[in-house]
Amino acid sequence: MKTIKNTNTFALALPLAILLTYPFIQEGALIFSLLSTIITGFLQFSIGVKMLVDSPKNKDLQKYMAGVVLFFILWLTSFEINYNDLLSYAWFAMPPILAIYLTLIIHKIP
């Protein structure tokens, strides 16, 4: 569990650490910071899948995975209907919410 906590902390700190280089790299830091959020999402999704495989009856992890599936459904639906504003706001807000929720789950499990 310590490895999972450390990996999650690294995943959350990576975009912030890159963003701190902004005074030196300027817009490159902003672009790399935004791109590194993809790595954060992948690492958190991988952690969530591993934890769900280890304890498939955990309701919090099931809710997290349902949120991830809902995010991708909203994303694909938004492409199909040419970016409805209401759906766009929902799927832009979901990744930070999911990241916070998984972090809370990780720190709640002993």
Side-chain angles (χ1 to χ4, degrees):
M1 192 53 138
K2 186 176 180 181
T3 305
I4 289 175
K5 286 182 181 179
N6 289 339
T7 304
N8 186 55
T9 303
F10 170 76
L12 293 175
L14 181 64
L16 297 173
I18 294 173
L19 192 59
L20 288 176
T21 65
Y22 182 78
F24 309 108
I25 303 175
Q26 299 299 320
E27 54 281 330
L30 183 61
I31 292 168
F32 288 132
S33 177
L34 290 172
L35 287 174
S36 70
T37 59
I38 296 170
I39 296 169
T40 299
F42 177 74
L43 286 173
Q44 284 209 318
F45 176 73
S46 300
I47 289 169
V49 168
K50 189 227 180 284
M51 289 175 67
L52 188 62
V53 167
D54 290 346
S55 57
K57 296 188 189 292
N58 188 329
K59 296 291 183 195
D60 291 331
L61 291 171
Q62 291 173 355
K63 290 176 191 175
Y64 171 75
M65 283 300 160
V68 171
V69 169
L70 180 64
F71 167 74
F72 283 106
I73 288 171
L74 285 174
W75 188 29
L76 294 173
T77 304
S78 184
F79 280 125
E80 291 296 321
I81 61 174
N82 296 325
Y83 293 107
N84 181 340
D85 285 339
L86 184 61
L87 285 179
S88 295
Y89 293 137
W91 68 266
F92 273 119
M94 284 184 75
I97 292 169
L98 289 170
I100 291 168
Y101 187 58
L102 183 65
T103 301
L104 291 175
I105 293 169
I106 289 171
H107 288 283
K108 186 173 102 173
I109 296 174

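Please read all numbers here as calculations on a predicted model, not as lab measurements.
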Handout entry: Nearest non-hydrogen partners of Ser33 and Pro15, listed with the distance
Key =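 Heavy atoms of Ser33 and Pro15 come nearest at OG-O, 2.9 Å.
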
Problem - Atom pair OG1/CG of Thr21 and Leu16 - distance to nearest 0.5 Å - result: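 Thr21 OG1 to Leu16 CG: 11.5 Å, rounded to 0.5 Å.
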
Practice task
Locate the shortest heavy-atom distance separating Pro56 from Val53; write the atom from each residue and the value.
Solution key: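 Minimum heavy-atom contact is CD-O, 3.7 Å.
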
Practice task
Please answer: with hydrophobic residues joined when any side-chain heavy atoms are less than 4.5 Å apart, are Met1 and Leu61 in the same cluster?
Solution key: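 Met1 and Leu61: one cluster.
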
Handout entry: Linked, directly or transitively: Ile100 and Met94 (ILVMFWY side chains, under 4.5 Å)
Key =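 Shared cluster, no.
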
Practice task
Check the hydrophobic clustering (I, L, V, M, F, W, Y; side-chain heavy atoms under 4.5 Å; chains of links allowed) and say if Ile4 and Leu14 are grouped together.
Solution key: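 Shared cluster, no.
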
Exercise for the section: Is it possible for you to say whether Trp75 and Leu35 belong to one hydrophobic cluster, with membership spreading through side-chain heavy-atom contacts below 4.5 Å? Expected result: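 No, Trp75 does not connect to Leu35 through the hydrophobic network.
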
Problem - Least distance between heavy atoms, Tyr64 atom then Gly48 atom - result: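 What the structure gives for the nearest pair is CE2-CA, 4.1 Å.
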
Practice task
Nearest 0.5 Å please: distance from the CD1 atom of Ile31 over to the CD1 atom of Ile18.
Solution key: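 So the gap between those two atoms works out to 12.0 Å.
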
Problem - Met51 and Met65, any side-chain heavy atoms less than 4.5 Å apart - result: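 Met65 vs Met51: side chains apart.
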
Practice task
Count the heavy atoms of every other residue, nucleotide or ligand shown that sit under 6.0 Å from NZ of Lys5, and state whether that count exceeds 12.
Solution key: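 Yes.
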
Exercise for the section: Go through the structure and list residues passing salt bridge (charged side-chain N to carboxylate O under 4.0 Å, His left out) with Lys50, not counting sequence neighbours. Expected result: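 For Lys50 the salt bridge (charged side-chain N to carboxylate O under 4.0 Å, His left out) partners, ignoring immediate neighbours, are Asp54.
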
Exercise for the section: Please tell me if the side chains of Leu98 and Gln44 come closer than 4.5 Å, counting only heavy atoms from C-beta onward. Expected result: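 Not in contact.
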
Exercise for the section: Verify, without hydrogens or angle tests, whether Thr40 (side chain) and Ala11 (backbone) share a donor-acceptor contact under 3.5 angstrom. Expected result: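 The answer is yes, because a donor-acceptor pair under 3.5 Å joins these two groups.
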
Handout entry: Identified side-chain contact (heavy atoms from CB on, under 4.5 Å) partner of Phe45 from the options Leu43, Ile47, Val49
Key =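 In the set Leu43, Ile47, Val49, the residue that makes a side-chain contact (heavy atoms from CB on, under 4.5 Å) with Phe45 is Val49.
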
Practice task
Treat each ILVMFWY residue as a node, draw an edge where side-chain heavy atoms are under 4.5 Å apart, and state whether Phe71 and Leu34 are in one component.
Solution key: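 No; tracing contacts between hydrophobic side chains, which count when under 4.5 Å, never links both residues.
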
Problem - Contact check, side chains of Thr37 and Pro95, non-hydrogen atoms, under 4.5 Å - result: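 No, their side chains stay 4.5 Å or more apart.
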
Review item, side-chain donor-acceptor pairs of residues 101-110, under 3.5 Å, at least two apart:
| from | atom 1 | to | atom 2 | distance (Å) |
| --- | --- | --- | --- | --- |
| Tyr101 | OH | Asp60 | OD1 | 3.3 |
| Thr103 | OG1 | Asn8 | ND2 | 3.1 |
| Thr103 | OG1 | Ala99 | O | 2.8 |
| Lys108 | NZ | Asp60 | OD2 | 2.5 |

Exercise for the section: Answer whether the closest heavy-atom distance between the side chains of Ile73 and Val69 falls below 4.5 Å. Expected result: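 Yes. Closest side-chain heavy atoms under 4.5 Å.
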
Handout entry: Phe42: side-chain contact (heavy atoms from CB on, under 4.5 Å) partners, not counting sequence neighbours
Key =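 side-chain contact (heavy atoms from CB on, under 4.5 Å) list for Phe42, sorted by chain: Ser46.
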
